[in-house]
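Since the model is a prediction, treat every value here as computed from it, not as a measurement. In what follows, chains carry the letters A, B, and so on, assigned in the order in which the sequence lines appear, proteins first and then strands, with residues in each chain numbered from 1.
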Amino acid sequence: MVALIDCNNFYASCERVFNPSLIGRPVVVLSNNDGCVIARSSEAKKVGIEMGVPAFKAADLFKKHNVAVYSANFALYGDMSRRVMSVLAGFTPNQEVYSIDECFLDLSGIQEDMRWYGLKMKDKVWQWTGIPVGIGIAPTKALAKIANRIAKKYPSQTGGCHVIDSDEKRLKALKWLPVADIWGVGRKSAMKLNAIGVTKAIDFIQLPESWVRKNMTITGVNLQRELKGIPSIDIVELEKAKSFSVTRTFEKEYDTFDEVKERLITFTSLAAAKVRAQQSLCRRMLIFLQTNFYKDSEEQIARSVEVRLPFPTSSTLEIVDFVVAGLKQIYEPHRHYKRAGVTLYDFIDTINLQPALFPEMNSDPRHERLMDAVDRINHRTKGGVRLASMDAKTFKMHRNHLSREFTTNINDILEVKCD
DNA sequence: TCTGGGGTCCTAGGACCC
DNA sequence: TCTGGGGTCCTAGGACCC
């Protein structure tokens with residue numbers, strides 16, 4: 001059996017852990033720049049605040065319902081996620097952390113009653129972290145996803161944990177679930193399926209494999225098998241990431257080369273640090289910039305370029321030179337830029353590096369120790385050292401409703417007063 | 001005034017190899 | 001008149017996920 005555990009309204013729940021006065025009150029968390037709603041407590045959903053709605057459009061609702069509004073605090077959410085995951089890791093040797101707020105657990109070999117085991121997980125996460133979770137348990141990952149959905153949809157009947165452990169329960173769930181809500185069926189596939197009269201998951205599993213293969217690739221075939229109860233999507237332990245991106249919408253429009261360049265260098269140095277942290281070297285990158293496509297008054301553009309590094313490297317100093325060269329290729333003067341970003345990818349492991357015959361065709365070996373020193377300092381002291389070409393401010397965002405870094409910064413630790 | 005960010009996987013078709 | 005067969009690698013773009 002496989003369990004899928006996911007945190008309820010995760011970001012909103014994180015804010016609530018450290019501020020009990022938010023219990024029972026609608027809570028929303030906004031994206032970077034305080035742009036859109038990206039998380040809502042159940043109370044916030046109830047008063048009609050939609051996912052993804054721009055904050056300025058929901059301002060009236062916020063006011064009317066006394067909504068507690070927060071700027072995204074990823075330092076806090078990331079740390080709370082690690083805590084939740086580590087509690088759950090104690091329930092099986094095989095855990096796949098699937099996203100910041102959910103994971104799969106391989107429960108094969110566990111002798112306990114599944115429902116009891118699931119409820120135990122839920123209680124323990126709640127007690128140790130203060131985060132509420134929903135739990136689905138089933139023979140395959142795709143079915144566990146559905147079980148989880150049922151657990152959340154019917155909390156009073158399921159107690160927040162639903163187990164699919166018989167064909168009867170499986171078929172009942174498949175009759176209930178719209179195809180569009182199957183994990184792995186997105187908008188396009190749902191449209192195709194609806195067009196041929198397939199509306200529920202139960203209809204989907206009856207389609208001939210040839211149709212599924214043709215219209216939804218091998219991914220669809222695997223999905224179909226999973227829903228029939230045949231495991232076809234592996235549970236994979238955390239591997240190294242295959243790419244790292246840092247992209248931002250700016251707080252204002254930038255219209256000089258130097259301003260955009262400074263932002264991209266800052267983004268690159270963050271991405272490169274992640275590459276080094278997982279002992280990888282980067283061989284390619286993508287740089288993009290865009291003007292403000294919400295503005296109709298002028299022509300809007302989006303440009304991107306792929307840059308191949310002449311040698312694999314994780315040195316910020318080296319990568320930055322190629323960022324600037326790439327930017328020169330795509331930068332158009334007299335534009336008002338609103339968004340830009342960099343993606344580093346095509347990694348090899350540091351230990352697998354095959355150096356070129358001539359030294360000048362390799363990454364400068366001295367940078368390895370230099371970057372190591374930089375990373376150590378920055379680990380201890382936030383914003384400790386940076387390139388002179390970077391601004392002192394890492395992200396220039398509006399964050400007007402930011403909570404404290406309760407668990408990662410000693411100066412922000414929660415104080416409790418006792419009378 | 002104001003509109004997010006970060007990932008993975010699959011496939012077709014071109015280029016190239018022997 | 002008639003011109004093989006089998007394979008790998010790369011990449012852009014699509015689809016999907018949270």
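The separation between A:Y77 atom OH and B:dG6 atom C1' is 16 Å, rounded to whole Å. Between the CZ atom of A:F244 and the P atom of B:dG6 there is a distance of 12 Å, rounded to whole Å. Distance A:R40 CZ to C:dC18 P: 15 Å, rounded to the nearest Å. Atom NZ in A:K274 sits about 7 Å away from atom P in B:dG6, given to the nearest Å. We find that NZ of A:K396 is positioned 19 Å from C1' of B:dG4, with the value rounded to whole Å. Between the C1' atom of B:dC9 and the CE atom of A:M216 lies a distance of 14 Å, rounded to the nearest Å. If you take CG of A:N148 and P of C:dC17, they are 15 Å apart, rounded to a whole angstrom. Taking atom CG of residue A:L344 and atom P of nucleotide B:dG5, one finds them 17 Å apart after rounding to whole Å.
With B:dG4, B:dT11, B:dG7 as the candidates, the nucleotide lying closest to the side chain of A:T217 is B:dT11. Checking B:dT11, B:dG4, B:dT8 against the side-chain heavy atoms of A:R213 singles out B:dT11 as nearest. When distances are taken from the side chain of A:K57 to each of C:dC18, B:dT3, B:dT11, the shortest belongs to B:dT3. When distances run from any side-chain atom of A:W183 to the nucleotides C:dC17, B:dG5, B:dT3, the shortest one goes to C:dC17.
Nucleic acid contact class of A:L223 (heavy atoms, under 4.0 Å, all strands): none. Contacts of A:A72 with the nucleic acid, taken as non-hydrogen atoms under 4.0 Å apart, are absent. Contact annotation for A:K145: backbone-only contact, meaning every heavy-atom pair under 4.0 Å involves sugar-phosphate atoms and none involves a base. Residue contacts shown for A:S189 are limited to sugar-phosphate atoms, with no base heavy atom under 4.0 Å away. Nucleic acid contact class of A:V246 (heavy atoms, under 4.0 Å, all strands): sugar-phosphate only. The residue A:D101 sits close only to the backbone: its heavy atoms come under 4.0 Å of sugar-phosphate atoms, none of a base. Within 4.0 Å of A:Y98, counting heavy atoms only, lie sugar-phosphate atoms of the nucleic acid but no base atom.
Mapped onto DNA chain B by nearest heavy atom, A:I218 and A:E253 fall at different nucleotides, with A:E253 at the one closer to the 5' end. Nearest-nucleotide assignment on DNA chain B puts the 5′-proximal partner with A:F56, out of A:N32 and A:F56.
When the side-chain nitrogen and oxygen atoms of A:R248 are compared with OP1 and OP2 of B:dG6, one or more of them lie within a distance under 4.0 Å. A sub-4.0 Å separation between OP1 or OP2 of B:dG6 and a side-chain N or O of A:T247 is present. The side chain of A:R339 places an N or O atom within less than 4.0 Å of a non-bridging phosphate oxygen (OP1 or OP2) of B:dG5. An OP1 or OP2 oxygen of B:dG4 is reached within less than 4.0 angstrom by a side-chain nitrogen or oxygen of A:Y294. The side chain of A:K242 places an N or O atom within less than 4.0 Å of a non-bridging phosphate oxygen (OP1 or OP2) of B:dC9. For A:S245 and B:dG7, the shortest distance from a side-chain N or O to OP1 or OP2 is below 4.0 Å. The phosphate of B:dT8 (OP1 or OP2) has a side-chain N or O of A:S243 nearer than 4.0 angstrom.
No close placement of the A:F250 and A:Y337 rings is indicated, their centers lying 6.0 Å or farther apart. No close placement of the A:Y11 and A:Y70 rings is indicated, their centers lying 6.0 Å or farther apart.
Looking at heavy atoms from C-beta onward, A:C103 lies in side-chain contact with A:L105 at the 4.5 angstrom threshold.
Results of the side-chain contact (heavy atoms from CB on, under 4.5 Å) test with A:L174 over A:D203, A:V179, A:I205 single out A:I205 as the only residue that passes. Partner A:E253 forms a side chain to side chain donor-acceptor pair (under 3.5 Å) with one of A:R335, A:R339, A:K338, A:K295 and no other, that one being A:K295.
The pairing partner recorded for B:dC18 is C:dG5, the criterion being a Watson-Crick or G-U wobble arrangement whose two distances lie under 3.5 angstrom.
Remark: A:D60 does not engage A:K64 in a salt bridge, criterion side-chain N to carboxylate O under 4.0 Å.
Note on ring orientation: taking the six-membered ring where Trp is involved, the planes of A:F406 and A:F18 are parallel (angle under 30°, cut-offs 30° and 60°).
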